[in-house]
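We number each residue from 1, following the sequence as shown.
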Amino acid sequence: MNLPDTLDAWLAYIEGLHHRPVDLGLDRVRAVAGRLSLALPGTKIIVGGTNGKGSTCAMLESILRAAGYRVGCYCSPHLLRFNERARVDGEPAGDASLIAQFEAVERARGSTTLTYFEFTTLAVLAWFAREQIEVAILEIGLGGRLDAVNIIDADCSIVTSIDLDHTDLLGATREHIGIEKAHIFRPGRPAICVDPDPPVSLTEFARRIGAVLWRFGQDFSVQAPSEAQAPRQWTYRGRYGNRAALPWPALRGAHQLRNAAGALAALEALAQCLPVDQQAVRRGLSTVRLPGRFQVVAGRPTIVLDVAHNPQAARALAQALHSHDLAANQRETTHAVFGMLRDKDARAVVKALAGEVDFWHLAPTSGERGRDVAALEAAGFDDAPAPPRALHDSVAAALDAAMAAVKPDDRIVVFGSFVIVADALRWLERRPR
């Protein structure tokens with residue numbers, strides 16, 4: 001068989017290898033990893049949770065790079081290009097590097113079928129091994145216990161938050177989901193829990209395996225004024241020491257302080273093998289970037305992009321929008337460009353944003369899990385009271401309509417899915433300057 005010769009062709013080929021897009025389990029991945037003799041050098045940090053994973057990974061990456069370490073960071077999904085998922089020293093993987101590792105995985109797997117995520121995860125890990133990184137920051141794709149990333153024996157694991165999402169795969173309660181996520185913890189190693197009210201299942205699992213559990217509010221915490229107040233500095237209070245006069249993370253939203261604290265707790269727990277000075281922490285927090293997380297586009301009207309796609313993330317977005325109003329000392333009209341995948345709780349998300357959105361522009365999502373606007377309207381909105389809304393056939397059409405309706409001091413917030421934000425970024429690239 002002739003193998004693909006471009007990255008896009010490889011990704012299309014990989015997508016069709018397995019009979020199910022998600023097939024949780026580690027046996028197949030471990031078997032192929034063994035044939036690859038896959039071994040990551042350096043310190044390994046795994047980050048799981050319902051929300052905040054990407055932000056936590058980005059802050060760790062930014063701080064550790066500022067401290068001079070050679071860092072590999074793996075996050076998913078991507079917005080515009082697959083290459084965004086894997087970075088070394090802040091640079092996305094090149095097509096040639098990815099293709100070389102896809103070829104290696106293809107040779108090693110033999111007759112073993114792998115899902116898209118499993119195949120690409122093995123390729124990224126193999127690239128990191130080849131690049132001889134000093135620190136690997138690895139985001140769990142879904143759950144924890146049976147996620148492909150969990151084949152790595154982490155030196156420190158972080159669970160950022162636990163809420164209801166992917167309930168068809170992870171369970172219908174926080175207790176069910178908590179135990180799935182807790183399986184990224186390791187015996188005798190730091191287990192950072194950033195959720196202020198973790199399920200008993202998570203804390204009991206950590207105790208049972210002998211993980212060294214660090215809990216937000218008990219072993220580490222945040223002391224700070226509100227985001228809108230000055231001076232915009234905060235203090236991290238840890239188990240063994242504090243870090244004072246820290247800059248507010250460049251990622252917007254008060255909830256990002258908790259994600260930053262989780263990152264700093266991991267660094268405190270790993271201080272013996274991974275020392276980081278205060279200047280690197282300050283520089284890393286000040287310069288961290290992550291597209292699609294309360295990303296404010298320069299210009300007027302204000303356009304905010306956020307990948308919030310479940311109720312907990314929607315509540316954080318609502319709080320960030322409210323704080324943004326307070327900081328600007330104004331409350332103008334907000335138009336939402338909104339779309340969600342079929343398996344997401346649209347009604348709870350709409351409810352969370354109801355107090356911040358004045359007009360809704362509904363847009364479809366594409367793909368196997370996509371949802372058209374009629375289904376989104378039925379799933380997301382009660383008959384009464386009916387918030388003002390319009391249905392569009394694309395994100396571009398929704399953004400065009402929103403732009404035509406707003407005044408310069410109004411605001412457009414685009415959210416509900418990675419694919420919605422990706423479509424908005426493409427629209428922004430095409431928009432005349």
Should [X] and [Y] count as an ion pair when the cut-off is N to O under 4.0 Å?
| X | Y | result |
| --- | --- | --- |
| Asp197 | Arg215 | no |
| Arg70 | Glu131 | yes |
| Arg145 | Glu180 | yes |
| Arg239 | Glu268 | no |
| Glu84 | Arg81 | no |

Is there a donor-acceptor pair closer than 3.5 Å between any side-chain N or O of [X] and the backbone N or O of [Y]?
| X | Y | answer |
| --- | --- | --- |
| Glu118 | Val29 | no |
| Lys44 | Leu40 | yes |
| Thr365 | Gly339 | no |
| Arg258 | Val222 | no |
| His309 | Val307 | yes |
| Ser161 | Asn51 | yes |
| Trp234 | Pro247 | yes |
| Ser97 | Ala93 | no |
| Ser157 | Ile184 | yes |
| Lys53 | Gly49 | yes |

[X] to [Y] - nearest heavy-atom pair and separation:
| X | Y | answer |
| --- | --- | --- |
| Ser76 | Phe117 | OG-CE1, 3.6 Å |
| Val124 | Ala86 | CG1-CB, 3.7 Å |
| Gly284 | Ala66 | N-CB, 4.1 Å |
| Arg174 | Pro198 | NH2-CA, 4.4 Å |
| Ile179 | His183 | O-ND1, 2.8 Å |
| Ile133 | Ala136 | CD1-CB, 3.6 Å |

Reported [atom1]-to-[atom2] distance for the pair [X] and [Y], which is rounded to 0.5 angstrom:
| X | Y | atom1 | atom2 | value |
| --- | --- | --- | --- | --- |
| Leu213 | Gln218 | CG | CD | 8.0 Å |
| Leu290 | Met59 | CG | CE | 9.0 Å |
| Ile152 | Arg186 | CD1 | CZ | 9.0 Å |
| Leu79 | Ile420 | CG | CD1 | 12.0 Å |
| His361 | Met403 | NE2 | CE | 11.0 Å |
| Phe102 | Leu98 | CZ | CG | 5.0 Å |

Validation row: [X], [Y] side chains within 4.5 angstrom (heavy atoms):
| X | Y | result |
| --- | --- | --- |
| Leu305 | Phe294 | no |
| Leu353 | Leu321 | yes |
| Pro301 | Pro408 | no |
| Cys156 | Ile192 | yes |
| Leu11 | Glu15 | no |
| Val304 | Ile412 | no |
| Glu106 | Phe119 | yes |
| Ile45 | Leu138 | no |

### Task
Have a look at Leu114 and tell me which of Thr120, Leu122, Thr121, Ile14 forms a side chain to side chain contact (heavy atoms under 4.5 Å, CB included) with it.
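Passing option: Leu122.
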#### Entry: With Arg300, the side chain to side chain contact (heavy atoms under 4.5 Å, CB included) member among Asp409, Val406, Asp410
Asp409
### Task
Kindly indicate, with the supporting measurements, whether the criterion side-chain hydrogen bond (donor to acceptor under 3.5 Å, both in side chains) is fulfilled by Thr334 and Glu356.
CA-CA 7 Å; Thr334 296; Glu356 297 297 326; 5.8 Å; no
### Message
side chain to side chain contact (heavy atoms under 4.5 Å, CB included), that's the test. Do Val349 and Phe415 meet it? Break it down for me.
### Response
CA-CA 10 Å; Val349 167; Phe415 75 100; 3.7 Å; yes
### Chi angles and distances behind the side chain to side chain contact (heavy atoms under 4.5 Å, CB included) call for Val71, Val88
CA-CA 6 Å; Val71 181; Val88 169; over 6 Å; no
### Task
Indicate whether the side chain of Asn310 and that of Asp163 have a donor and an acceptor atom separated by less than 3.5 Å.
no
### Task
Go through the side-chain N and O atoms of Arg35 and Thr112 and say whether any donor and acceptor fall under 3.5 Å apart.
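There is such a pair (donor and acceptor under 3.5 Å, judged by atom type) between the side chains of Arg35 and Thr112.
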### By side-chain contact (heavy atoms from CB on, under 4.5 Å) - contacts of Ser394 (at least two apart)
Ala396, Ala397
### Message
Atom CZ of residue position Arg426 - does it have more than 12 heavy atoms of other residues, nucleotides or ligands inside 6.0 Å?
### Response
yes
#### Entry: Crowding at CG, Asp27 (>12 non-hydrogen neighbours, <6.0 Å)
no
### Task
Take Leu425 and Leu80 through the test side chain to side chain contact (heavy atoms under 4.5 Å, CB included) and record every step on the way to the result.
CA-CA 8 Å; Leu425 288 170; Leu80 297 177; 4.2 Å; yes
### Query
Using 30° and 60° as the class limits, which term best fits the ring planes of Trp214 and Phe220: parallel, tilted or perpendicular?
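Trp214 and Phe220: tilted rings.
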### Message
The test is side-chain hydrogen bond (donor to acceptor under 3.5 Å, both in side chains); show your working for Asp5 and Trp10 and say whether it passes.
### Response
CA-CA 7 Å; Asp5 58 0; Trp10 263 107; over 6 Å; no
#### Entry: Residues in side-chain hydrogen bond (donor to acceptor under 3.5 Å, both in side chains) contact with Thr235, at least two apart in sequence or another chain
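Checked Thr235 against side-chain hydrogen bond (donor to acceptor under 3.5 Å, both in side chains); zero matches.
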### Task
Kindly indicate, with the supporting measurements, whether the criterion side-chain hydrogen bond (donor to acceptor under 3.5 Å, both in side chains) is fulfilled by Tyr236 and Gln223.
CA-CA 7 Å; Tyr236 164 80; Gln223 182 180 343; over 6 Å; no
### Task
Determine, stepwise, if the pair Val296 / Arg252 fulfils side chain to side chain contact (heavy atoms under 4.5 Å, CB included).
CA-CA 9 Å; Val296 179; Arg252 298 173 186 240; 3.6 Å; yes
